[in-house]
Each structure stands twice: as structure tokens, then as C-alpha cells.
Amino acid sequence: MSKRRSRRRNRIVSTLVIILLIIVVVVVGIIMELIKRRTPSDERMDLNAYYGLEQKDEVALVLQNEVSEHKGKMIDGHVYLDYDTVADVLEGRFYWDDKNQQMLYSTPSETIAISPDNYVYTAGGEQKEQDYVIVCRQDDTIYLALEFMEQYMKITASVSEEPAKAVIQYQWGKRKTVTVTEDTVLRYRGGIKSEILTDLPAGTELTLIEALDNWSQVATADGFNGYVDKKKISDPQEKELVYEGSFQEEYTSLTRAHKINLAWHQVTSEAANDALSQTLENVKGVNVISPTWFSLSENDGSISSLASEAYVNTAHDAGMEVWGLIDNFNSNVSTLEVLSDRDARAHTIQKLLEEAQRVGMDGINVDFEAIKEEEAPHFLQFIRELSIVCRANGLVLSVDDPVPQFTEFYNRKEQGIVADYVIIMGYDENTDGTETAGSVSSLPFVENGIVQTLKDVPAEKVINGMPFYTRMWYTDTSGIVTSEILGMNAAGQAVEEKGMVSGWDETTSQNYAELETGSGKYQIWLEDEQSIDAKMQLFEKYGLAGVAEWKLGFERSAIWDVICGYFQ
């Protein structure tokens, strides 16, 4: 019995020992895993992979602290950027003229043309030479030398090797910075297990991108964007990022010292010119009149003209400047074909200048509507080139733009630099082709257009356009929507004739009326003294350069007293 008992006891002891060993192993394993998890990784990231470099001649581009998907090229020891990056991202004033195979750059006084594989260019009437090719083409991509860009853009760049990268600053102003308080590292992602991008000695200044709970996303001056332990950096401070390069370019402006009250005048015949005095009989406070005199008439840039010297003299006698309007409404003319051809653009500009000088105009108003995204770069180049001629000849240049809604490609910022005024067409919120009836110009729609435009254009250059018209909408029982444009008096008469009763709508800041019939529903959002006053309050609230009205003849005479009240 004792031997049997002994063997049983030994087995129990052995089992307990094994269980204890297993527990020890598990505990040790857990402890090791915890230690491993808490031990920062010292693995360093492959920087070629970080910058996405695959080819020997590729150069990583770090644009305003962001690693770009686009890559530069190293050609004969010089860094080149692709044209799309230069024009679309950096917003350079360079423009590729595909027809003539030239790179154009417009200054306030001239347009420089540079041919590919050329070392020489002309600027300021003088030939200048570089020790590198300025523009080149590789694999159907146009590239521009970074060194040349720095001469004609407000950018600074630093180039380094291993890996090859160009760090470019192109936006200036306030930024948040932090300082490294003790030696640490920058990691690819937040967390101690992420790969290391670079070392951060104490005292290193970083640009703060985003502050998270335990980590902060930061950017280094030499082109890394990653994460740093929040405990090892200072509290953020606001600093001014100041451009210290050599590029200088001043666009003088012909903006007026007084507020602008512009009225568009639809002129479709000589008879309309001759009737100007009659048209102005009840008009008050208008200091600029813009007759619709010019239109693109041929794809070679030719224009039709109704410009009249007698009209200008009458307007001047009434204390008004004349800014002749040019449009692209001729359906037989391709806006794209005209604007993408340098010769056609030059022809249009020359004819406008000749007409302006012939009749004594004071300015030109460009009303090219429904610009498509593919047309936008060419339209912008047209405005640049037209601005050169206007500036040299004392002509005010204004550009009409729709409310900024899905039209970022208009590049209002550039318009606001090269043109004298940017006019918001604060109407056509609902127009032909809309599926439901709605206001032509509700106050939220107008205010949003002003706010968005002011993000790109200074208030002293922004004019807000207001409608003197509305639409009478009719929705039949099948849901088909049609509308009729009505001036202010005609709209009031239509409401009265149909027995409609209008009331103030707080949502649109307009008087609204509707009428149900057996066959459908009439709806109208009126433009009147109350709605125009609400829009004028926005003009005053945002300190705009002026207002504009479409169009003369659609207004009630009492409207002028409302508008004039904000100009005294």
C-alpha cells in the first residue's frame, strides 16, 4: 500500500510541477509580450517607399508639408515639375499653348513665350539666357524647370538627395508650430510601433498639422510629414510664414475710390442705343452702365459690335462710366476653340481695344457664361492677356462669374489678382430646366455666393449682381415645370390679375405667392423693394465694392431709392 501511495503522490507532484511550469511559462510569455508592446520600435522606414520613388530620375515633391502624388524629374542635374502640378496645385501663372507648342507666362505688362528645349526667353523687352532648358517634354508630359519657376512665382524650394526630393512652400501666412522639448523621433503613423521617418533633436521647430489625443501630426522643414509623441513637444504657437524669395510682381488696379452701382443695359440694336436718354429717365444713383455691345462672332476671335460714341457721350453727360460687355452667347462659335487659340484671343482683344478707343469707353465687362472645366484654363489666360491691354490703356476690367457652386475651376483668386472687379451673378438659383419651382435669388443663396467669393477675392474688388426680374412658375398635374421671366412691374401685375396674395417668406427674404388651379399650381418669389433691400444689407455687411443690376427696364422706379440709400 505504501509503495502505491508513494507512486500516486509522485504523480500528483509531477502534475503540479508541470502545471506550475506551464503557468510560469504563460506568465513569462505575457510579461514578455507586455514588455514588447511597450518597447518602441527602432525600425526605420524605407524613404524611397515613403516618398513613392520608383525610377532613378524621379524627384519626390513635398508641397506645403504634403507629399504629393505627382513626381518631379531630375534632368541634367535640374529639377522639373509637370505642368499640371504647376498650374493646378501651385496656381502658377504659366499656361501651355498647345497649338503653338509654347509655354506662356503673363506678367502685368506682357506675355512671355518659351519654346521647349530652349535656354533663351524674352522678358521686359530683353533676351535672357539660362544654363538649363526651361521647358521640356518627356513621354507627352510638359515639364517646367523649378529654378525658372522661382523667378516667376512666389515660392521657395529646397532640393536634396538620397532620397531625391524638392520641398516647396507656396502658401504664406499664419501657421501653428510646436518645438521638440527632448530628443525623439518622427514616426510614419501614431504609435510607438510605427516605423521611424527621421530623428527630431530637442529644439527642432515643426509645423503642426493636427493634434490628436497622444500624438500630433507634424511636418518638418526638410519634407517629412508624420507623427510625434505629444509629451515631447511644446504647446502650439501661431507664427507667420513669410515669403523671403526674390520674386516681385505688382498688379496695379483701376478700382475706383467710390462704390460701384452698375446697371447692365441689354442692347440688341442701334435703336436701343438711340433710346438711352429715355431709358435713363427714372434711373437714380447708377455710376456705371454696361451695354451688351459685343459678342464673339467667329472662331477666329472676330466680334460683332453695336458700340456707339453718341451712347458713351450721353452716359458721360449723365455721370456714368461705360463698361462695354462682351459675351459668348453666339451658338455658332466655339468658346473652347476661340479661347484655346492665342491668335484668336489676341484678335478678340485687339478688336475690343479698337472699339473702346473709337467710342471712348471706360472699361470692359466680360460675360462669358457656362464655362466648362476644359475651357477654364483658356478663359483664365484670356483674362490675363486682356488685363495687360486694359491696364496699359486705362480700361477697367470686370469679369462676371456665377455663384461659386461647383465652379471652383473658374479660379476666382487669379481673376481677383489680374482683373479690377469680380462680379457675382447672384441670380439664376433656379432657372430653365430645373425640376421644381424655386426662387431666382434667395437671400441664403446670395449670401453664400458672397462668402465663398470673399475667400478668394478681396472685398474691395467684389461686386454683387442682383436681379430686377423673377419667374412665374407653373407646375401642371403631371409634374412638368415651366416658367416665364417677368420684370418687377409685370410680376406685380401677374399676381394681381391671377388674384394671388403674396406674403413675406423668411427663408428666402422675398414676398411669395401661389395659386392652385384645377390643372396645376402657380408660384412666384417676387423681387421688389423689400427683397432688394435685404440684398443691399449684404452689400453693406460685407463691405463690398458695389452692386450690379440685371437689367435696366425690368425695375420699378422706387427701387433706385432703396439702392441709393446705401450709397449715401
Side-chain angles (χ1 to χ4, degrees), residues 108 250-265 283-291 315-316 318-326 361-369 380 383-384 386-387 390-391 394-404 407 410-427 441 443 445-468 532-552 555 559-560 562-568:
E250 183 178 353
Y251 271 84
T252 56
S253 179
L254 295 174
T255 50
R256 302 315 195 204
H258 55 266
K259 300 291 186 180
I260 299 296
N261 183 11
L262 179 151
W264 281 294
H265 182 201
V283 173
K284 298 178 184 177
V286 171
N287 50 31
V288 176
I289 190 167
S290 182
H316 283 173
M320 300 177 186
E321 294 187 18
V322 178
W323 299 357
L325 180 149
I326 179 168
M361 278 163 36
D362 306 284
I364 294 172
N365 177 236
V366 179
D367 187 31
F368 283 11
E369 298 189 18
L380 204 58
I383 297 300
R384 291 185 188 117
L386 177 58
S387 79
C390 286
R391 197 172 295 108
L395 295 169
V396 177
L397 175 60
S398 58
V399 185
D400 304 337
D401 286 338
V403 166
T407 56
Y410 273 63
N411 198 340
R412 292 167 178 81
K413 179 180 178 181
E414 179 74 351
Q415 289 186 33
I417 293 172
V418 302
D420 298 302
Y421 292 102
V422 173
I423 303 180
I424 308 168
M425 294 184 288
Y427 39 82
S441 180
L443 200 68
F445 171 80
V446 174
E447 184 163 22
N448 180 63
I450 293 171
V451 169
Q452 295 304 317
T453 299
L454 289 177
K455 290 180 180 179
D456 294 319
V457 186
E460 61 268 21
K461 284 193 166 192
V462 175
I463 294 173
N464 186 54
M466 306 181 296
F468 279 169
I532 293 298
D533 185 74
K535 292 176 176 63
M536 290 302 299
Q537 289 178 41
L538 294 180
F539 153 75
E540 187 173 66
K541 174 181 177 180
Y542 290 102
L544 303 184
V547 293
E549 304 93 20
W550 178 265
K551 65 177 180 170
L552 283 180
E555 79 278 9
I559 286 295
W560 297 117
V562 174
I563 295 173
C564 288
Y566 288 85
F567 281 82
Q568 294 174 355

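All values below were derived from every heavy atom in this structure, side-chain atoms included, with hydrogens, water molecules and symmetry-related copies excluded.
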Strictly distance-based, threshold 3.5 Å: is any side-chain N or O of K535 a donor or acceptor partner for the main-chain N or O of S441? yes
> Is it true that a side-chain atom of K461 and a backbone atom of Q415 form a donor plus acceptor pair closer than 3.5 Å?
Replying inline: no
- Do Y410 and P402 have side-chain heavy atoms sitting under 4.5 Å apart? yes
Spell out, as yes or no, whether a donor-acceptor pair under 3.5 Å connects the side chain of K413 to the backbone of K455.
no
**Prompt:** Does N261 reach the main-chain N or O of E549 with its side chain, forming a donor-acceptor pair under 3.5 Å?
**Reply:** no
Output for pair (E540 CD, Y566 OH), nearest 0.5 Å, gives 6.0 Å
Pairing donors with acceptors under 3.5 angstrom, does anything connect the side chains of W264 and N365?
yes
Separation between CE (M361) and OG (S290), nearest 0.5 Å, reads 8.5 Å
For V322, is there any backbone N or O sitting under 3.5 Å from a side-chain donor or acceptor partner on D362?
yes
Smallest heavy-atom separation, Y251 atom then I417 atom, equals CB-O, 3.7 Å
Please verify the inter-ring angle class for F468 with W560; under 30° counts as parallel, over 60° as perpendicular, anything in between as tilted. perpendicular
Taken to the nearest 0.5 Å, the spacing of L262 CG from M466 CE works out to 10.5 Å
Are a donor atom and an acceptor atom from the side chains of D533 and Q537 found within less than 3.5 Å of each other?
yes
One should read off an interatomic distance between S398 OG and I423 CD1, to the nearest 0.5 angstrom, of 4.0 Å
Check: Quick check: does any side chain N or O of R412 sit under 3.5 Å from a backbone N or O of V422, one acting as donor and the other as acceptor?
Finding: no
The residue among V366, L397, I260, I364 that forms side-chain contact (heavy atoms from CB on, under 4.5 Å) with W323 is I260
Rounding to 0.5 Å, atoms CD (E460) and OH (Y421) come to a distance of 9.5 Å
Counting C-beta onward and ignoring hydrogens, is there a side-chain heavy-atom pair between I450 and L544 closer than 4.5 Å? yes
In terms of heavy-atom contacts, G426 and V446 come closest through O-CG2, 3.7 Å
Among side-chain atoms of D420 and T255, is any donor-acceptor pair under 3.5 angstrom?
no
Check for a donor-acceptor pair, side chain of E447 on one end and backbone N or O of L538 on the other, with a separation under 3.5 Å.
-> no
Interatomic distance, CG@D456 vs CD@E414, rounded to 0.5 Å, equals 11.0 Å
Closest non-hydrogen atoms of I289 and A315, given as atom of the first, atom of the second and distance, are CG2-CB, 4.0 Å
